[in-house]
Amino acid sequence: MRVGIIGSGIIGVAIAHALLDEGHLVDLIDREGIAAGTSTGNAGWIAHLDILPLASPKAWRNLPRWALDPLGPLAIRPAYLPALMPWLARFISASRPARIEASTQAIAALNGRALPAWRKRLEAVGLAHHLREKGLLSVWADERGFHAAQPLFERQRGLGIAVETLDAAALRAMEPALGPRSVAGALYPAGCHVSDPLDFTRALGEEAIARGAQERKFEVIDIRVGGDLVQIRTSFDTLAQYDRIVVATGAWSKPLAASLGDKVPLDTERGYNVTLPSGRLGLTRPVMFEGEGFVTTPLDSGDRVGGSVEFAGLEAAPNFNRVDAILGKLKRFLPEAELSGGTRWMGFRPSTPDSLPVIGRATRDPRIVYAFGHAHHGLTQAAATAELVASLIADRRPDIDLAPYSPERFAKRF
């Protein structure tokens with residue numbers, strides 16, 4: 001079959017490989033090309049150890065403090081609030097205990113497949129050297145927050161995730177750059193990241209093309225169904241025809257899904273970062289600064305500092321004061337670090353209220369498969385998502401139940 005994958009970020013290129021494995025003819029379609037969007041500048045984590053949705057007790061515990069800080073870890077631009085209200089209503093609904101538990105189970109099911117899927121994929125195409133298996137470290141500035149995380153550690157251990165708790169002395173012995181503000185930590189030995197998200201995605205895309213995928217640079221205006229083949233109308237006002245279509249356009253997926261009969265409450269978490277010269281931070285592994293809303297990663301291209309959630313849509317200009325705020329907080333944890341300069345960036349995370357991606361068939365035509373809405377877990381879940389999409393394209397039963405990720409889950413009001 002000839003399959004058109006709309007979107008050439010990390011999700012799209014991972015899907016291309018899974019479909020090439022099965023002998024399909026694959027076109028990678030993107031208006032800007034491979035790795036031109038959010039895959040360019042994310043934190044680079046394979047966050048397969050995460051199990052909590054954004055609508056979790058952890059987030060709600062910090063929300064009052066965050067809401068008072070316009071440059072804090074979670075902010076909503078006032079002008080965007082009316083447009084965001086339907087998403088927020090569903091987010092509040094997703095914060096009920098039963099919904100949190102359902103989302104946790106669904107995230108754990110997908111993330112539990114993530115690293116094995118990546119290892120299998122990267123070994124198969126000779127790119128395993130892009131994985132950096134150095135572990136991940138979580139750091140707390142207060143004992144109360146650390147103790148509040150104990151139930152999460154136990155839940156993770158119950159899922160087979162190794163967690164080692166550290167006191168202040170052990171923490172600083174592991175990462176001497178951390179100052180006295182760091183009072184406790186948790187090491188996840190199985191944690192890993194990639195060399196650099198841009199280099200990683202480009203390498204995967206180039207390898208897909210070397211295997212026979214075709215790169216097509218144009219914008220998709222609409223998708224036409226009903227005939228023997230699915231048709232795409234392009235920005236050149238031409239038609240491209242496919243046996244199957246995959247929609248993997250990240251934060252830009254909502255209008256396409258709506259045109260195909262699926263009203264997905266997708267919005268955009270804008271994330272910010274800055275990449276400093278390598279070694280500036282003095283950290284040897286990725287670190288999550290708990291309750292602060294940012295992380296650091298020692299990438300091959302430099303030390304990246306980033307995070308935060310800002311709701312302001314796809315059109316508003318970046319507010320790089322958010323980067324300054326993050327660096328100000330980081331300085332309190334790394335008092336000796338040189339944090340000036342660097343390259344600043346802002347990207348768009350495609351986010352659903354329940355923190356679950358949309359993986360499933362379009363209502364108006366089952367030949368169209370969705371793979372978007374991965375939010376903070378796009379890089380993490382890409383290879384596992386690709387395996388599931390390949391099953392749907394081949395009309396095979398997927399290895400896990402896809403009901404939690406179905407676009408149909410939004411058919412009910414709440």
Side-chain angles (χ1 to χ4, degrees), residues 43-69 72-74 100 104 107-108 111 132-193 273 280-298 303-309 325-337 339 376 380:
W45 289 34
I46 305 288
H48 63 291
L49 309 171
D50 284 356
I51 61 172
L52 291 180
L54 181 61
S56 69
K58 175 180 171 182
W60 284 104
R61 189 163 54 243
N62 289 299
L63 197 58
R65 176 169 59 89
W66 291 347
L68 295 174
D69 183 358
L74 193 154
I100 291 173
T104 298
I107 291 170
N111 282 0
R132 304 284 184 266
E133 303 197 43
K134 296 183 177 182
L136 304 174
L137 187 63
S138 286
V139 172
W140 281 262
D142 68 283
E143 293 282 355
R144 263 191 320 181
F146 176 68
H147 289 304
Q150 301 305 310
L152 172 61
F153 299 156
E154 292 308 310
R155 182 72 181 269
Q156 289 171 317
R157 289 172 179 135
L159 293 168
I161 299 170
V163 188
E164 301 173 12
T165 55
L166 307 168
D167 61 18
L171 191 57
R172 281 191 282 278
M174 182 172 292
E175 294 288 355
L178 292 169
R181 184 175 178 81
S182 303
V183 301
L187 174 67
Y188 294 88
C192 68
H193 63 289
N273 68 45
R280 280 278 191 92
L281 303 185
L283 298 171
T284 63
R285 56 177 59 79
V287 178
M288 163 74 80
F289 294 87
E290 295 286 348
E292 307 292 342
F294 66 88
V295 305
T296 61
T297 316
D303 288 353
R304 184 158 292 167
V305 184
S308 84
V309 170
I326 290 171
L327 290 175
K329 293 174 183 177
L330 180 61
K331 187 66 175 177
R332 300 201 294 266
F333 286 92
L334 303 175
E336 303 302 319
L339 303 180
H376 299 255
T380 301

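Under the rule for a side-chain hydrogen bond (donor to acceptor under 3.5 Å, both in side chains), Asp303 has no partner lying at least two apart in sequence or in another chain. Contacts of Ala325 classified as side chain to side chain contact (heavy atoms under 4.5 Å, CB included), with partners at least two apart in sequence or in another chain: Leu71. When the salt bridge (charged side-chain N to carboxylate O under 4.0 Å, His left out) test is applied to Arg172, no partner is found at least two apart in sequence or on another chain. Looking at residues two or more places apart in sequence or on another chain, you find no side-chain hydrogen bond (donor to acceptor under 3.5 Å, both in side chains) involving Thr380. Under the ring pair (Phe, Tyr, Trp, His ring centres under 6.0 Å) criterion, Tyr188 pairs with no residue, sequence neighbours left out. Not counting sequence neighbours, the partners of Arg157 by the salt bridge (charged side-chain N to carboxylate O under 4.0 Å, His left out) test are Glu154. With sequence neighbours excluded, the residues that form a side chain to side chain contact (heavy atoms under 4.5 Å, CB included) with Ser308 are Tyr272, Arg322, Ile326. Partners of Pro73 under the side chain to side chain contact (heavy atoms under 4.5 Å, CB included) rule, at least two apart in sequence or in another chain, are Trp66, Lys329. Scored by the side-chain hydrogen bond (donor to acceptor under 3.5 Å, both in side chains) test, Arg280 finds no partners at all (sequence neighbours excluded). Under the side-chain hydrogen bond (donor to acceptor under 3.5 Å, both in side chains) criterion, Arg285 pairs with Glu175, sequence neighbours left out.
Annotation: side chain of Ile46 is not in contact with side chain of His193 (no heavy-atom distance under 4.5 Å). Here the side chains of Leu187 and Met174 are in contact, with some heavy-atom distance below 4.5 Å.
Within a 6.0 Å radius of CD in Glu336, other residues, nucleotides and ligands contribute 12 heavy atoms or fewer.
Here the CE-OG distance, from Met288 to Ser138, works out to 6.0 Å after rounding to the nearest 0.5 Å. With rounding to the nearest 0.5 angstrom, the CG atom of Asp142 is 8.5 Å from the CZ atom of Arg181. Atoms CG and SG, on Leu49 and Cys192 in that order, are 8.0 Å from each other to the nearest 0.5 Å. Expressed to the nearest 0.5 Å, how far CG of Leu334 lies from OG of Ser182 amounts to 7.0 Å. For the atom pair OG1 (Thr296) and CZ (Phe333), the distance works out to 10.5 Å, reported to the nearest 0.5 Å.
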TODO: Given side chain to side chain contact (heavy atoms under 4.5 Å, CB included), test Lys331 with Leu339 step by step and report yes or no.
DONE: CA-CA 8 Å; Lys331 187 66 175 177; Leu339 303 180; 4.0 Å; yes

Task: Intermediate values then yes/no, side chain to side chain contact (heavy atoms under 4.5 Å, CB included), Ile107 and Leu52 - done: CA-CA 7 Å; Ile107 291 170; Leu52 291 180; over 6 Å; no

Task: Residues Arg155, Thr104; criterion side chain to side chain contact (heavy atoms under 4.5 Å, CB included); working and verdict - done: CA-CA 10 Å; Arg155 182 72 181 269; Thr104 298; 4.0 Å; yes

Task: Step-by-step side chain to side chain contact (heavy atoms under 4.5 Å, CB included) determination, Leu330 to Phe294 - done: CA-CA 9 Å; Leu330 180 61; Phe294 66 88; 3.7 Å; yes

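Listed for the Asn273 side chain is no donor-acceptor partner under 3.5 Å among the backbone atoms of Val305.
Of all non-hydrogen atoms in Pro298 and Pro286, the two that sit nearest each other are CD-N, 3.7 Å. The nearest pair of heavy atoms linking Leu283 to Ala177 is CD2-CB, 4.2 Å. Considering all non-hydrogen atoms of both residues, Ala186 and Phe153 come closest at CB-CZ, 3.7 Å.
A donor-acceptor contact closer than 3.5 angstrom links the side chains of Trp45 and Thr297.
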Enumerate donor-acceptor pairs with a distance under 3.5 Å from any side-chain N or O in residues 159-170 to protein atoms, sequence neighbours excluded.
residue	atom	partner	partner atom	Å
Asp167	OD1	Ala169	N	3.3
Asp167	OD1	Ala170	N	2.8

